[in-house]
Peer 1: 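Can you read through this structure? Questions will come right after.
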Amino acid sequence: MNVLAIETSCDETAAAVFTTERVVLASVVASQTELHRAFGGVVPEIASRAHVRAVLPVVDEALARANLTLAEIGVVAVHSTPGLVGSLVVGVSVAKMLSVALGVPLIAVNHVAGHIYACRLAAGRDIYPCLGLVVSGGHTALFDCPEPLTLKLLGTTRDDAAGEAFDKVAALLGLAQPGGPAVEVAARGGDAKAFAFPRAFAHDARLEFSFSGLKTAVLYAAYGQDASRAAEPPAGKRLADLAASFQAAVVDALALKCKQALKLTGHARLAVGGGVIANGSLRATLTDVCAKLGAELIVPPLALCTDNAAMAALAVEKIARGEFALPDLDAEPSFI
Ligand code: KG4
Ligand code: ZN
């Protein structure tokens, strides 16, 4: 059976078609990055309006690429939580409308559980139980995942998400958005030990993260204690050192908590999702952490790490259990 899935939780409008055997027939992602670039972050109202414009063409494109018509869709799935409520509402409304119009069941999928499930899709085999790490612009959290549909939160960030910290630090260093790739490029050739930036909870067993103090530390290091933003942004070796030292602080914090969580849970696999895992230094460090603990690191190809609708193939697990959503399904901004 063919499943049509929709994702509109943040700033990507996405649709995918996959079979209940988890074969992805098409996955289309329309990014809104350009619309938000000038604002240094996602503007919720702009995001939801852009989803309204993009969602039906994106669904049509996914069907066309899968070489299917709506009549051949047997289930409609949608990421209904977590995310920006005005954005989620667009996908949920369209999914409900299609489910009623086609007379097919509706499945509600948790977007964060979907990020972990992208690892299951990429691996092509069962990966549960596992430790799940989701690191994106909106999330930084560790989960104990006994099976695909159960996420037990082990710890999350008290303030900024890791990707958000990359974006904010890029902005204050005068780099382009999205900040993660820009900071990674700027960090090349920099000395990661040039600035001793803080690693929150480093001497603590709590599986928590905090990146806002780090961001302030970078601001002061770049512009002085009075943080005079009128000053020219750092350049050359100084910029490289700042970027490399910041990146190392984020990577260290993430790696340490993964290590602690692997030891705590005894899991033999670490499944990672979210756009921040595009970072080469984070990948290398997590590879090292897992190798030392004899654990397997599962990182899907980048297109499955960043927001997409193929990861809603988690719906297949719900179909198997008959866990269908009712027509009163609502968007839920927070699930924790
Ligand atoms: O999962 P994702 O595509 O989308 C949402 O969060 O909605 O993640 C995007 C985040 C952004 O904050 C971006 O700066 C970050 O992932 N990112 C990176 C890198 N590439 C993307 N962070 C660090 N290093 C990178 N190479
Ligand atoms: Zn996401």
Side-chain angles (χ1 to χ4, degrees), residues 5-14 16 27 29-33 35-37 39-44 47 50-51 79-84 87-88 91 109-119 132-141 143 151 156-157 160-173 175-188 190 211 214-215 243-244 246-255 272-286 299-312 314 333-335:
I6 298 172
E7 145 68 29
T8 61
S9 69
C10 188
D11 60 340
E12 262 95 30
T13 316
S27 178
V29 180
S31 172
Q32 303 177 2
T33 305
L35 292 178
H36 302 284
R37 194 183 291 279
F39 302 96
V42 175
V43 183
H51 285 308
H79 287 148
S80 62
T81 188
L84 299 171
S87 291
L88 287 167
V109 178
N110 179 312
H111 174 97
V112 173
H115 270 304
I116 310 292
Y117 201 75
C119 295
L133 170 70
V134 179
V135 268
S136 67
H139 303 279
T140 299
F143 298 95
L151 291 187
T156 185
T157 177
D160 295 344
E164 189 179 359
F166 268 98
D167 294 337
K168 288 180 176 170
V169 163
L172 72 86
L173 293 178
L175 300 171
Q177 296 293 323
V183 170
E184 184 171 15
V185 169
R188 283 187 198 141
F211 298 108
L214 169 60
K215 181 188 63 192
F246 160 75
Q247 178 173 267
V250 176
V251 169
D252 281 357
L254 293 170
V272 188
V276 180
I277 194 62
N279 187 281
S281 171
L282 179 59
R283 277 175 191 249
T285 309
L286 291 183
V299 178
L302 196 56
L304 272 177
C305 288
T306 51
D307 286 349
N308 66 87
M311 69 195 201
L314 178 57
S334 171
F335 81 102

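Start at 1 and go down the list; that is how both ligands and their atoms are numbered. Side-chain atoms are counted along with the backbone in the values below, which use heavy atoms only and exclude waters and symmetry mates.
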Peer 1: Nearest protein heavy atom to atom 24 (N) of ligand 1, by residue and atom, and its distance?
Peer 2: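 Protein heavy atom with the smallest distance to atom 24 (N) of ligand 1: Asn279 ND2, 3.0 Å.
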Peer 1: Are any of the N/O atoms on Cys10, whether in the backbone or the side chain, positioned under 3.5 angstrom from an N/O atom of ligand 1?
Peer 2: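 Looking only at distances, the answer is no, because the N/O contact criterion of under 3.5 Å is not met.
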Peer 1: For atom 6 (O) of ligand 1, state which one of Gly137, Ser31, Gly83 supplies the nearest heavy atom.
Peer 2: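 Answer by nearest heavy atom: Gly137.
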Peer 1: Per the side-chain contact (heavy atoms from CB on, under 4.5 Å) rule, which among Val272, Val276, Val250 passes with Leu282?
Peer 2: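 The option that passes is Val276.
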Peer 1: Output yes when the distance from some N or O of ligand 1 to some N or O of Phe166 is under 3.5 Å, and no in every other case.
Peer 2: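 Between Phe166 and ligand 1 (N or O atoms, distance only) the closest approach is not under 3.5 Å.
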Peer 1: If we only count N/O pairs under 3.5 Å, is Thr306 in contact with ligand 1?
Peer 2: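 Between Thr306 and ligand 1, no N or O pair is found under 3.5 Å apart.
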Peer 1: Using only N, O or S atoms, tell me which atom of His115 is closest to the Zn ion (ligand 2).
Peer 2: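 Of all N, O or S atoms belonging to His115, NE2 is the one nearest the Zn ion (ligand 2).
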Peer 1: Looking only at non-hydrogen atoms, which of Gly280, Gly41, Gly275, Gly179 approaches atom 21 (C) of ligand 1 most closely?
Peer 2: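 Shortest heavy-atom distance from atom 21 (C) of ligand 1: Gly275.
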Peer 1: What's the verdict on side-chain contact (heavy atoms from CB on, under 4.5 Å) for Asp307 and His111, showing C-alpha distance, side-chain angles and the deciding distance?
Peer 2: CA-CA 9 Å; Asp307 286 349; His111 174 97; 3.1 Å; yes
Peer 1: Is there side-chain contact between Glu12 and Thr306, with at least one heavy-atom pair below 4.5 Å?
Peer 2: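 With C-beta onward as the side chain, the pair stays apart.
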Peer 1: Suppose I only count heavy atoms of Gly138 and a 4.0 Å limit; which atoms of ligand 1 are within that range?
Peer 2: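 With Gly138 as reference, the close atoms of ligand 1 come out as 6 (O).
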Peer 1: To the nearest 0.5 Å, what is the distance between CZ on Arg188 and OG on Ser281?
Peer 2: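 The CZ atom of Arg188 sits 11.5 Å away from the OG atom of Ser281.
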Peer 1: Return the residue, atom name and 0.1 Å-rounded distance of the protein heavy atom closest to atom 15 (C) of ligand 1.
Peer 2: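 Ranking protein heavy atoms by distance from atom 15 (C) of ligand 1, first comes Val276 CG2, 3.9 Å.
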Peer 1: For ligand 1, is there an N or O atom under 3.5 Å from any N or O atom of Glu12?
Peer 2: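 Min N/O separation from ligand 1 is not below 3.5 Å for Glu12.
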Peer 1: Rounded to 10°, how big is the angle at the Zn ion (ligand 2) from Asp307 OD1 to His111 NE2?
Peer 2: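 Taking the Zn ion (ligand 2) as the apex, I get 100° for this pair.
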Peer 1: Starting from atom 26 (N) of ligand 1, locate the nearest protein heavy atom and write down its residue, its atom name and how far away it is, to 0.1 Å.
Peer 2: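 So the nearest neighbour among protein heavy atoms is Glu184 OE1, 2.7 Å.
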Peer 1: What protein heavy atom sits nearest atom 12 (O) of ligand 1, and how far off is it?
Peer 2: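 That would be Asp167 OD2, 2.8 Å.
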Peer 1: Taking the side chain as C-beta and beyond, is there a heavy-atom pair between Cys305 and His115 under 4.5 Å?
Peer 2: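 They are not in side-chain contact.
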Peer 1: Quick check: Pro178 and ligand 1, any N/O pair under 3.5 Å apart?
Peer 2: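 Such a contact does not occur with ligand 1.
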Peer 1: Can you check which of Gly180, Gly274, Ser281 brings a heavy atom nearest to atom 18 (C) of ligand 1?
Peer 2: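 Among Gly180, Gly274, Ser281, the closest heavy atom to atom 18 (C) of ligand 1 comes from Gly180.
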Peer 1: Could you tell me if Ser9 and His79 have a donor-acceptor pair between their side chains, going purely by distance under 3.5 Å?
Peer 2: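 No.
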Peer 1: Please confirm whether the backbone N or O of Asp167 pairs with a side-chain atom of Gln177, one donor and one acceptor, at under 3.5 Å?
Peer 2: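 Yes; at least one donor-acceptor contact below 3.5 Å.
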Peer 1: Can you confirm whether Asn308 sits close enough to Glu7 that some side-chain heavy atom of one is under 4.5 Å from a side-chain heavy atom of the other?
Peer 2: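 They are not in contact (no side-chain heavy atoms under 4.5 Å apart), so the answer is no.
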Peer 1: Can you tell me how far apart CG (Asn110) and OG (Ser80) are? Round to the nearest 0.5 Å.
Peer 2: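 Here the rounded value is 7.5 Å.
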Peer 1: Please determine if Asp307 has a nitrogen or oxygen closer than 3.5 Å to a nitrogen or oxygen of ligand 1.
Peer 2: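 Min N/O separation from ligand 1 is below 3.5 Å for Asp307.
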Peer 1: Can you confirm whether or not the ring centre of Phe246 sits under 6.0 Å from the ring centre of Phe166?
Peer 2: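 Ring centres of Phe166 and Phe246 closer than 6.0 Å.
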